[in-house]
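Structure, as structure tokens:
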Amino acid sequence: MKPDDLLDAIGNVDDALIATAQECPRRKHLSKLWIPLASVAACVLLFIVLPVVFISLRGAGSEDYAEPPKTGQSPGNVRVQIYYLKDNEIATSEQLLLPSVEEIFAAWLALNGIDEEVRLIRISYADGVTTFTVTEELVTYYDTMDASLLLESLQTTLQHAFPSEYEDCRFAYE
Amino acid sequence: MMDEQIVALYWERAEQAIAETAAKYGRYCHTISYTILSSHEDAEECVNDTYIQAWDCIPPHRPSILSTFLGKITRRISIDRWRKRTARKRGGGELPLVLDELAECISDNDGPEQELDREQLSEVINTFVHSLPIMEQKVFLCRYWYMNSVNTIGKRFDYSESKVKTMLHRTRNKLRTVLSKEGFL
């Protein structure tokens with residue numbers, strides 16, 4: 001067989017596949033402008049709007065700070081939307097209440113259909129880069145999942161949950 | 001004009017069919033041909049030959065996806081013209097590079113030359129492409145059907161060139177495995 005034979009055979013692929021091959025998928029592409037704007041909006045909401053709403057609901061001058069928050073959200077929980085891959089496009093979950101980055105990471109693994117054999121070993125931070133060290137079984141998923149999209153989905157999840165943090169994330173494998 | 005209406009013109013043997021085809025798909029076919037031949041004049045001739053072949057083929061064909069029907073004709077004509085050229089030197093468009101890459105899929109084929117069942121090979125390739133994840137499929141077809149450059153593919157899908165090359169390399173390895181399993185190597 002010669003390369004020309006392969007070339008000719010590829011020429012006979014189904015019309016429907018050829019017709020759509022050059023179409024860009026509808027990614028929920030997060031433009032570089034949208035993320036910082038979303039971060040600013042999240043900060044405004046967190047530090048300005050929510051306290052104002054909270055104070056106005058409780059009444060000016062009230063000193064009864066011993067009551068638990070009326071939202072039902074226990075301290076330490078983070079309200080987070082998980083970004084994950086579905087058919088190699090980024091999809092989003094409903095909002096979840098999760099207590100820690102480790103729990104968020106576990107939820108992210110589950111939504112991506114990644115088995116429990118992939119475990120988070122540690123999270124480290126140096127020189128502006130957050131490294132998620134995981135078991136090397138994650139690499140086997142790169143045959144069917146776009147590795148950079150997968151990382152992007154994790155990074156976006158964490159940036160939304162913790163604005164201005166997790167701007168540069170990496171995977172390491174052990 | 002909708003594809004069904006253009007195809008109907010072919011069936012009615014109305015010469016307007018060619019004009020409508022050229023208006024709607026002339027640029028598309030020209031791009032396919034130019035990517036292979038790197039010559040606007042040669043591409044123009046191939047596109048004109050495409051219209052002639054389409055006129056001869058319809059009827060009896062009634063293509064459901066007219067763009068791809070025409071694109072396949074153009075691609076075949078352009079590749080045949082490229083092969084007939086006396087000098088097959090590097091740098092003449094993407095085709096030499098594409099053939100070098102596809103050669104990797106059969107690089108272990110040191111056995112004696114056997115008569116190739118081309119129809120079966122096409123079926124195997126078609127099944128293989130269908131089995132690929134969507135983005136791998138698109139990148140593979142953009143490279144080996146449309147012969148887009150790695151740079152063009154990267155810009156189209158917002159991938160780095162390195163990522164496109166890695167994806168193609170991985171897909172070629174899978175293809176080699178499939179070809180070996182099916183007894184072509």
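Here is the naming used below: chain letters follow the sequence lines, and residue numbers restart at 1 for every chain.
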Between K138(B) and Q22(A), is there a side-chain heavy-atom distance shorter than 4.5 Å?
no
L120(A)-F171(A) co-clustered via ILVMFWY side chain contacts under 4.5 Å:
yes
How about residues 143-153 of chain B versus chain A: which residues have heavy atoms under 4.5 Å apart?
Y144(B), W145(B), Y146(B), M147(B), N148(B)
For residues L150(A) and V129(A): do they belong to one hydrophobic cluster (side chain heavy atoms under 4.5 Å, members Ile, Leu, Val, Met, Phe, Trp, Tyr)?
no
Contact between M135(B) and L149(A) at the side-chain level, heavy atoms closer than 4.5 Å - yes or no?
no
Exceeds 12 heavy-atom contacts within 6.0 angstrom, atom CD of E117(A):
yes
Run the side chain to side chain contact (heavy atoms under 4.5 Å, CB included) check on L6(A) and L99(B) step by step: do they pass?
CA-CA 9 Å; L6(A) 268 184; L99(B) 287 170; over 6 Å; no
Tell me if the CZ atom of R81(B) is crowded by more than 12 foreign heavy atoms within 6.0 Å.
yes
Please list, chain by chain and in numerical order, all residues satisfying side-chain hydrogen bond (donor to acceptor under 3.5 Å, both in side chains) with R27(B), sequence neighbours excluded.
none
CD on E89(A) to CD1 on I134(B), rounded to 0.5 Å:
6.5 Å
Taking the side chain as every heavy atom from C-beta outward, state whether L7(A) and R75(B) have any atom pair closer than 4.5 Å.
yes
Within residues 54-72 of chain B or reaching into it, pairs that qualify as side-chain hydrogen bond (donor to acceptor under 3.5 Å, both in side chains) - sequence neighbours excluded
D15(A)-K72(B)
Other residues, nucleotides and ligands only: do more than 12 of their heavy atoms fall within 6.0 Å of CD on E41(B)?
no
Which bit of I79(B) is near chain A, if near means a heavy-atom gap under 4.5 Å: side chain, backbone, both or neither?
side chain
Taking all atoms of both residues into account, what is the closest heavy-atom pair of C142(B) and A21(A), and its distance?
SG-O, 3.6 Å
Using the rule that two of Ile, Leu, Val, Met, Phe, Trp, Tyr join whenever any of their side-chain heavy atoms come within less than 4.5 Å, decide whether Y173(A) and F132(A) are in one cluster.
yes
Contact part of R118(B) toward chain A, heavy-atom cut-off under 4.5 Å: side chain, backbone, both or neither?
side chain
Taking all atoms of both residues into account, what is the closest heavy-atom pair of D143(A) and E136(B), and its distance?
O-OE2, 3.3 Å
To the nearest 0.5 Å, how far apart are CG in L17(A) and CG in N126(B)?
6.5 Å
By a 4.5 Å heavy-atom criterion (distance strictly below it), what part of V98(B) contacts chain A: side chain, backbone, both, or neither?
side chain
For a 4.5 angstrom cut-off between non-hydrogen side-chain atoms, does F140(B) reach I10(A)?
yes
Cluster question for you: counting only ILVMFWY and a side-chain heavy-atom cut-off of under 4.5 Å, with indirect links fine, are I121(A) and V139(A) together?
no
Examine I32(B) and I52(B) and state if one hydrophobic cluster contains both, with Ile, Leu, Val, Met, Phe, Trp and Tyr joined whenever side-chain heavy atoms are less than 4.5 Å apart.
no
Side chain to side chain contact (heavy atoms under 4.5 Å, CB included) partners for Y125(A), two or more places apart
T130(A)
From the list H130(B), R76(B), R170(B), the residue making the most non-hydrogen contacts under 4.5 Å with chain A is H130(B)
Heavy-atom distance under 4.5 Å between the side chains of I65(B) and I18(A), does that happen here?
no
Pair D4(A) + R83(B), salt bridge at N-O below 4.0 Å:
yes
